[in-house]
Amino acid sequence: MKNKENMYLSRFFLSTMKEAPAEAELVSHKLMLRAGIINKLGSGLYTLMPIGLRTYLKVENIIREEMDRSGAIELRMPLVNPAELWQETGRWEKFGAQLLKIKDRHERDFLFAPTHEEVITDIVRREVKSYRQLPVNFYHITNKFRDEIRPRFGVMRAREFVMKDAYSFDIDEAGMMKSYQIMFDAYMRIFARLGLEFRPVAADTGAIGGKASQEFQVLADSGEDVIAYCPESDYAANVELAEAVAPATPRAAPAEALLKVPTPGKSACEDVAAFLKLPIERTVKCLMIFADDKVQMLLVRGDHSLNEVKAGKLPGCAEWRWATEEEIIAATGCKPGYLGPVGFKGPVIADRTVAAMSDFVCGANAADHHLTGVNWGRDCAEPARVADLRNVVEDDASPDGKGALKLRRGIEVGHVFALGNRYSKDMNCVYTAEDGTLKLAEMGCYGIGVTRIIAAAIEQNHDDRGIIWPDSMAPFRVAIAPIGYRKSEAVKALADSLHDDLTKAGVDVLLDDRDERPGVMFADLELIGVPHRITIGDRGLKDGMVEYQGRRDTAAAKVAVADIRTFIQAKLAT
RNA sequence: CGGGGCGUAGCGCAGCCCGGUAGCGCGCCUGCUUUGGGAGCAGGAUGUCGUAGGUUCGAAUCCUAUCGCCCCGACCA
């Protein structure tokens, strides 16, 4: 970023708060409000204040540099799109309530774009005629609007937000995968340069569909996603996708007799297990869904949880929903809480773990009763289908067979998709191939949540005093804190000359010339997260010393005035 | 959309149950003092009590409606 002369805090605009507004829950949200980075206009709508914009621009520039380096070409598409384009792909209807639709003065339908596949595909089908023009990768960095069901956590899940999205077009699948890899590599460079602790993970392709997909997750305990990874290998996947492999040991032979036991008021597996004095791993949880026009029974072990994405991948279950209580009673003759496969007439789909259990406990399809010693084949039919239904848990075997899985939470800041020809087919985006035939372009799409990165970085880098910016994202890299700026000629002279020298050297430096008390100055500079601080006061100056303190340092270091310029340059170089 | 909660000064809150015309802390303004970790003293400004109806002699307080915001669930960068 080019430095301007105006790096005096008294002429900048800073609005800090001692107390965070009650609306904020998440640390990053609180700190962004307290540091004056954002200002709320409405639910999910935020102004990026001057200091926030400085950070934003640094992030944007790193992304732009790496995108350009990867060969992607920048353009900019409009926020408002005509409905017709979205009707071509069916997403005018299918995108759901998150799509904010509007009408213009002629009563024509428009929408606020939540993403830009349609627009870019339209551009390419009109502009690209020949294989000679491919591959091509266009990107832009702009505002998106998604009418989120529940905006929250400030800029983390805002309705209007900034996203960098790129779209690659190739002549065939091999080309697409090459473009995909190029983007993947660019993303690795971007998040590394931003100074974030992150991990690329295999992801579900979700509603967009496609062949391959990976998410870039910033690791943070407050993350909304859970990722499973294997410390012994490079396996890492979103739990939505992470495969729970079948148990290594085969099903044991039945050892117990089937027994119906009263379990009054005990419906949850934990309660049943405790009541029967059995480990919860012996129980089976019974979940009823409605899909494919019928009520179906899904079984997972009592201590496991259903993976709803996996459920949706079962045959005929793409549109599944939870069964209603009435449907459950009609299908089983029993209220939820005491259900089981024994005697159930409909389809039973068992998780791999459940299929390998013997002598297990499940509901008796009779209120306040469970069955113990249940065995497949003997007491009820083998499950109609055995599938991977559950979320992996810590210490599950890694699907690559190389150890045990660990879980961590993450914030999704980027996502790369090998899309294929879904959109080019719907929108007839074809090119003339070398052999003269018309072929569909193979697409990839690649998103980065630019504004979300700011929040994610704070989640990962803060302490009880405030933000600790990575150098790459700091609104100012160096702060000069003069004590007695307006009292001491010597302090002012050194502060000013240091400010000028650093500015000339291309360093983003902020001189706190407000003449505040030191406590106020330090507190503000720490809150806004400036990574390096130089403190100048008469007390040190009489010995020819100033102080340097890194934002993460516990104590300040004394540095001779004569050495401070080289000292700080050395700090900035690391 | 379903469930829960909150709207009183820029921010954090009290007052509401039990109606009597609004208060505390921080911040802000003025002056003096202070100046190495969110200063001290003195003085001061700031509210259509979210909005609209209703009950009442009288409503921040009770009733109704409405809007906004936050939290928990389904979505995603």
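Everything quoted here is computed from the prediction, not taken from an experiment. First the proteins, then the strands, lettered A, B, ... as listed; each starts at 1.
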Pairwise N/O distances under 3.5 Å, protein to nucleotides 12-15 of chain B:
{"residue": "B:G12", "atom": "OP1", "partner": "A:Ala22", "partner atom": "N", "Å": "2.6"}
{"residue": "B:G12", "atom": "O2'", "partner": "A:Glu19", "partner atom": "OE2", "Å": "3.3"}

Quick check: closest heavy atoms across A:Ala495 and A:Pro482, and the distance to 0.1 Å? CB-CB, 4.0 Å

Among the candidates B:A39, B:C76, B:C71, find the nucleotide nearest to the side-chain atoms of A:Glu25. B:C71

Looking for any heavy atom pair under 4.0 Å, which part of the strands does A:Ala203 touch: base, sugar-phosphate only, or nothing? nothing

Plane angle bin for A:Phe417 and A:His415 - parallel if under 30°, tilted between 30 and 60°, otherwise perpendicular: parallel

Nearest-Å distance, CZ (A:Arg514) to C1' (B:G38)? 11 Å

Which residues pass the salt bridge (charged side-chain N to carboxylate O under 4.0 Å, His left out) test with A:Lys492, not counting sequence neighbours? A:Asp496

With the threshold set at under 4.0 Å for non-hydrogen atoms, list the residues of residues 160-169 of chain A touching RNA chain B in residue-number order. A:Phe161, A:Met163

For B:C24, give its Watson-Crick or G-U wobble partner with both distances under 3.5 Å, or none. B:G12

Main-chain N/O of A:Met163 paired to A:Arg452 side chain as donor or acceptor, under 3.5 Å: no

Both A:Gln549 and A:Pro151 contact RNA chain B. Taking the nearest nucleotide for each, which residue is further toward the 5' end? A:Gln549

Would you kindly compare A:Gly44 and A:His415 by the position of their nearest RNA chain B nucleotide and give the one closer to the 5′ end? A:Gly44

Could you tell me the separation between the CD atom of A:Glu60 and the P atom of B:A77, rounded to a whole number of Å? 19 Å

Just call it for A:Val413: base, sugar-phosphate, or nothing, with non-hydrogen atoms closer than 4.0 Å on any strand. sugar-phosphate

Set of side chain to side chain donor-acceptor pair (under 3.5 Å) partners for A:Asn307, sequence neighbours left out: A:Asn391

Can you run down the side-chain hydrogen bond (donor to acceptor under 3.5 Å, both in side chains) pairs that involve residues 17-27 of chain A, sequence neighbours left out, and say none if there aren't any? A:Glu23-A:Lys40

Is there a donor and acceptor pair closer than 3.5 Å between the side chain of A:Arg157 and the base of B:C75? yes

For A:Phe216 and B:A77, give me the distance from atom CZ to atom P, rounded to whole Å. 13 Å

Is A:Asp513 salt-bridged to A:Arg11, going by a charged N under 4.0 Å from an acidic O? no

Check each residue of residues 526-533 of chain A for a non-hydrogen atom within less than 4.0 Å of any atom in RNA chain B, then write out the ones that pass by number, or none. A:Glu526, A:Arg533

When you compare the side chain of A:Val80 with that of A:Phe112, does any pair of heavy atoms fall below 4.5 Å? yes

With a 3.5 Å cut-off and just heavy-atom distances, do the side chain of A:Arg146 and the base of B:C76 make a donor-acceptor pair? no

Think A:Ser43 has a side-chain N or O under 4.0 angstrom from the OP1 or OP2 of B:C70? yes

Exam field: side chain A:Arg146 to backbone A:Arg157, donor-acceptor pair closer than 3.5 Å: no

Whole-Å distance, A:Phe153 CZ to B:C75 P, equals 16 Å

Taking the side chain of A:Arg34 as heavy atoms from C-beta outward, which of B:G38, B:C71, B:C1 is closest to it? B:G38

Listed nucleotide nearest any side-chain atom of A:Ile149, set B:C1, B:G37, B:C71: B:C1

For residues 189-196 of chain A, dump all side-chain donor-acceptor pairs below 3.5 Å to protein atoms at least two apart in sequence or in another chain.
{"residue": "A:Arg189", "atom": "NE", "partner": "A:Glu66", "partner atom": "OE1", "Å": "2.6"}
{"residue": "A:Arg189", "atom": "NH2", "partner": "A:Glu66", "partner atom": "OE1", "Å": "3.4"}
{"residue": "A:Arg193", "atom": "NH1", "partner": "A:Glu65", "partner atom": "OE1", "Å": "3.0"}
{"residue": "A:Arg193", "atom": "NH1", "partner": "A:Glu66", "partner atom": "OE2", "Å": "2.8"}
{"residue": "A:Arg193", "atom": "NH2", "partner": "A:Glu65", "partner atom": "OE1", "Å": "3.0"}

Indicate the ring-plane relationship of A:His116 and A:His140, choosing parallel, tilted or perpendicular according to the 30° and 60° boundaries. perpendicular

What nucleic acid atoms does A:Arg465 come within less than 4.0 Å of, heavy atoms only: base, sugar-phosphate, or nothing? base

Salt bridge (charged side-chain N to carboxylate O under 4.0 Å, His left out) with A:Arg517: which residues, sequence neighbours excluded? none

Describe the nucleic acid contact of A:Arg159 in one word from base, sugar-phosphate, nothing, applying a heavy-atom distance below 4.0 Å. nothing

Of the listed B:C71, B:A77, B:C75, the closest approach to the A:Glu224 side chain comes from B:C75

Using purine N1 to pyrimidine N3 plus N6-O4 or O6-N4 for Watson-Crick, or N1-O2 and O6-N3 for G-U wobble, each under 3.5 Å, what pairs with B:C76? none

Between the protein and nucleotides 3-10 of chain B, which nitrogen or oxygen pairs come in under 3.5 angstrom?
none

Under the side chain to side chain donor-acceptor pair (under 3.5 Å) test, which residues partner A:Tyr139, sequence neighbours left out? A:Asp68, A:Glu74

NZ/NE/NH1/NH2 to OD/OE distance under 4.0 Å, A:Asp165 and A:Lys144: yes

Not counting sequence neighbours, list each pair that qualifies as a salt bridge (charged side-chain N to carboxylate O under 4.0 Å, His left out) and has a residue in residues 477-488 of chain A. A:Asp471-A:Arg477

Can you build the contact string for nucleotides 27-36 of chain B? Use B for base contact, S for sugar-phosphate-only contact, and - for no protein heavy atom under 4.0 Å. S------BBB

Answer yes or no: side-chain N or O of A:Asp225 and base N or O of B:C76 forming a donor-acceptor pair under 3.5 Å. yes

